[in-house]
Amino acid sequence: MQRLFLFTLSFLFLYSCKVKQENPIALKHKTSKNAMIVSANPWASKVGTDIMKQGGNAVDALVASQFTLAVVYPRAGNIGGGGFMIIHTPEGKNEALDYRETAPAKAYKDLYLDKNGNVIPKLSTYGGLAVGVPGSVAGLYAAWKKYGHIKDWKKLIEPAINLAKNGFPISKAEAYRLNKYKADFVKYNPNNQVFIKNEKWKEGDMLVQKSLANTLQIIADKGPKGFYEGPVAQAIVNKVKKSGGIILAKDLQNYQAKFRKPISVDYRGYKVISMPPASSGGVALGQLLKITENYPIKKWGFHSQKTTQIMVEAEKRAFADRAQFLGDADFYHVPIDSLLNDDYLKHKMTDFRWQSATPTDSLMAGSYTLHKESFETTHTSVVDQNGMAVSCTTTLNSNFGSKVIVDGYGFFLNNEMDDFSAKPGVPNQFGLIGAAANAIAPHKRMLSSMTPTIVTRNGKVFLVVGTPGGSTIITSVYQVILNTIDFDMNMYDAVQAKRFHNQFLPDEIMYEEGAFSQQVIDSLQKKSYHLKQVKALGYVKAIMSKNNILEGSGDQRNMDDTVDGF
Ligand code: GLY
């Protein structure tokens with residue numbers, strides 16, 4: 001009896017070791033020689049690495065990791081949202097893929113206004129009317145179809161299906177989020193038994209998602225048709241309608257991901273390749289870098305008073321232009337070349353004076369309120385053994401998007417419609433100058449700040465970088481690039497370095513504790529800069545390739561960020 005007891009005990013011990021071993025851990029920093037992936041979750045990074053070990057390339061790894069994130073990181077990983085990708089091939093070709101959500105056919109400019117022209121609170125953030133036509137499944141499939149190496153599409157979704165079907169132990173951060181949004185889940189999905197429990201979620205609880213596994217299996221078997229047509233599409237239409245929305249079956253059928261020419265700017269001998277509209281990220285990042293290139297910030301030093309002042313003033317100007325000129329270029333002429341023109345950018349700084357902050361009203365006529373954007377997005381960076389790289393940012397917009405779950409199919413729908421300007425084109429009355437560029441129109445893509453970026457030198461990958469963080473995405477990516485190129489930081493230090501952010505309006509420099517010395521703070525305040533300390537800016541995931549070594553870093557600001565590779 002005693003022997004049986006000891007045998008059972010040692011079996012249980014060995015079993016628990018095995019289970020523990022199989023659960024990947026969140027590792028923030030790693031170097032490797034061949035391939036690397038950094039994502040917001042250990043499972044997603046493991047799946048991506050496994051795919052590359054099996055001969056898959058960076059696109060295969062990215063696609064597999066994104067389906068995995070839809071299971072293990074449901075607050076932002078998704079099949080019900082959209083995103084952007086920059087792809088760099090081993091031959092040196094760069095391409096952007098836009099799989100941003102679109103406005104439904106029945107959407108119109110004043111969709112979220114009451115009869116007096118006022119924005120109806122929460123209509124563009126909660127429930128069915130907040131949902132844009134999802135792009136993720138079409139985008140991931142388009143990337144794989146054009147660039148994937150693994151022939152079998154199903155193989156890329158299999159790990160996600162297994163994690164959904166068998167469950168996985170949730171992290172502390174995930175438990176916190178699931179508890180925090182319980183009331184919203186109940187409101188829009190009273191019968192859901194996956195995300196809603198009587199007791200509180202805690203770290204280590206198993207999240208089993210059988211209906212999501214079934215949906216993923218349909219996508220694995222049928223490709224995008226399994227999502228955009230047939231029972232899944234019908235269930236989306238039904239649930240959106242039931243929750244007050246307007247997506248039609250033909251909106252889903254007509255959805256198309258689009259390959260686009262990326263924004264490409266030279267910066268101190270490097271080529272910075274980033275996302276064109278419908279994201280504002282690439283244009284704004286390009287403007288920031290090109291303005292900065294005119295100043296010796298390396299000599300002035302990291303976050304010195306002069307460096308900071310130039311960066312802040314560049315940020316103000318880039319965000320003023322963003323507000324005025326950026327929107328979906330398929331619908332509205334975005335003057336990309338002019339916005340990135342050297343003379344234009346030099347001219348933009350002619351009213352800058354070292355003595356004091358440039359007043360915001362001199363940067364754009366009239367009053368203006370910057371559209372509030374969500375911080376809940378997720379980024380994945382990948383480099384494979386042949387030098388192919390992918391930088392991909394995806395989102396549901398807010399945490400768990402609109403909070404609407406597709407009944408019977410187990411996935412959240414985005415609330416991306418909130419990224420449109422609800423009250424465009426009436427500058428003086430409503431303070432939204434230039435917002436016509438981002439006004440709602442049927443089939444149009446809403447403006448984004450997502451900035452998936454790849455930096456190359458002599459045609460080879462130097463840096464793959466991106467982050468969640470709404471408008472702070474752009475300035476976080478900007479700072480990580482400066483940290484590596486101007487301030488010679490390694491990848492880990494460049495990611496962890498304290499950050500700051502200015503987005504024109506509100507007229508303030510948000511900064512993380514420790515970002516500036518007291519002397520710099522005092523000096524900036526004397527020059528009429530308004531400073532506001534915030535908890536964290538961006539959760540950067542980046543890979544640097546130097547001397548044939550890949551160095552990856554997740555962000556210590558985000559508990560589950562994980563680097564994996566070999
Ligand atoms: N939903 C946030 C963004 O696209 O920038």
Side-chain angles (χ1 to χ4, degrees), residues 40 66 69 73-86 96-103 112 122 124-126 130-136 139 257-258 260 263 274-285 288 315 318-319 321-323 325-329 334 370-380 391-404 412-422 435 437-438 440 444-453 465-478 501 503-504 537-541 558:
Q66 299 308 288
L69 283 172
Y73 200 73
R75 78 183 99 140
N78 68 81
I79 54 173
F84 299 103
M85 232 184 260
I86 297 291
L97 177 59
D98 174 342
Y99 57 100
R100 182 71 158 166
E101 297 91 329
T102 55
Y112 301 108
K122 297 194 175 174
S124 63
T125 45
Y126 287 87
V131 184
V133 183
S136 289
K258 295 186 178 180
R260 299 188 190 277
I263 300 294
S274 194
M275 203 63 215
S279 181
S280 62
V283 171
L285 177 67
L288 292 173
E315 289 175 3
F319 275 92
D321 275 0
R322 179 196 190 276
F325 297 113
L326 272 292
D328 182 349
V334 180
L370 193 84
H371 193 58
K372 190 179 162 298
E373 283 172 73
S374 166
F375 278 59
E376 310 308 333
T377 294
T378 188
H379 179 82
T380 306
S391 188
C392 172
T393 315
T394 184
T395 190
L396 287 165
N397 199 11
S398 305
N399 266 309
F400 307 101
S402 60
K403 322 295 188 261
V404 173
F412 285 94
L413 291 168
N414 68 81
N415 61 347
E416 219 72 58
M417 289 297 285
D418 192 54
D419 273 350
F420 278 117
S421 301
N438 189 30
I440 303 170
K444 188 175 174 183
R445 284 153 151 89
M446 54 296 283
L447 186 62
S448 172
S449 293
M450 292 192 273
T451 315
T453 299
V465 56
T467 177
S471 50
T472 72
I473 291 175
I474 298 166
T475 51
S476 297
V477 169
Y478 166 53
H501 170 79
Q503 59 178 45
F504 169 57
L537 293 166
Y539 300 151
V540 174
K541 289 150 233 336
N558 195 30

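Order of listing sets the numbers, starting from 1, for every ligand and every atom in it. All residue numbers refer to positions in the sequence shown, counting from 1. Everything quoted here is computed from the prediction, not taken from an experiment.
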Residues that Arg100 engages under salt bridge (Lys or Arg N to Asp or Glu O under 4.0 Å), provided they are two or more places apart
Glu416, Asp419
Heavy-atom nearest option to atom 4 (O) of ligand 1, drawn from Gly132, Gly82, Ser448:
Ser448
Considering only heavy atoms, does Met446 approach ligand 1 within less than 4.0 Å through its side chain, its backbone, both, or neither?
neither
Do the side chain of Asn558 and the main chain of Tyr539 share a donor and acceptor less than 3.5 angstrom apart?
no
In terms of atom number and element, which parts of ligand 1 are under 4.0 angstrom from non-hydrogen atoms of Arg100?
4 (O)
For Val465, is there any backbone N or O sitting under 3.5 Å from a side-chain donor or acceptor partner on Ser391?
yes
If I take atom CG from residue Asn438 and atom OG from residue Ser421, how far apart are they, to the nearest 0.5 angstrom?
4.0 Å
With a cut-off of 4.0 Å, which atoms of ligand 1 are near a heavy atom of Met450?
4 (O), 5 (O)
So, is Thr395 polar-close to ligand 1, with some N/O to N/O distance under 3.5 Å?
no
Heavy-atom distance to atom 3 (C) of ligand 1: which of Asp419, Leu447, Thr451, Ile474 wins?
Asp419
Among all residues two or more places apart in sequence or in another chain, which pass the salt bridge (Lys or Arg N to Asp or Glu O under 4.0 Å) test with Asp98?
Arg260, Arg445
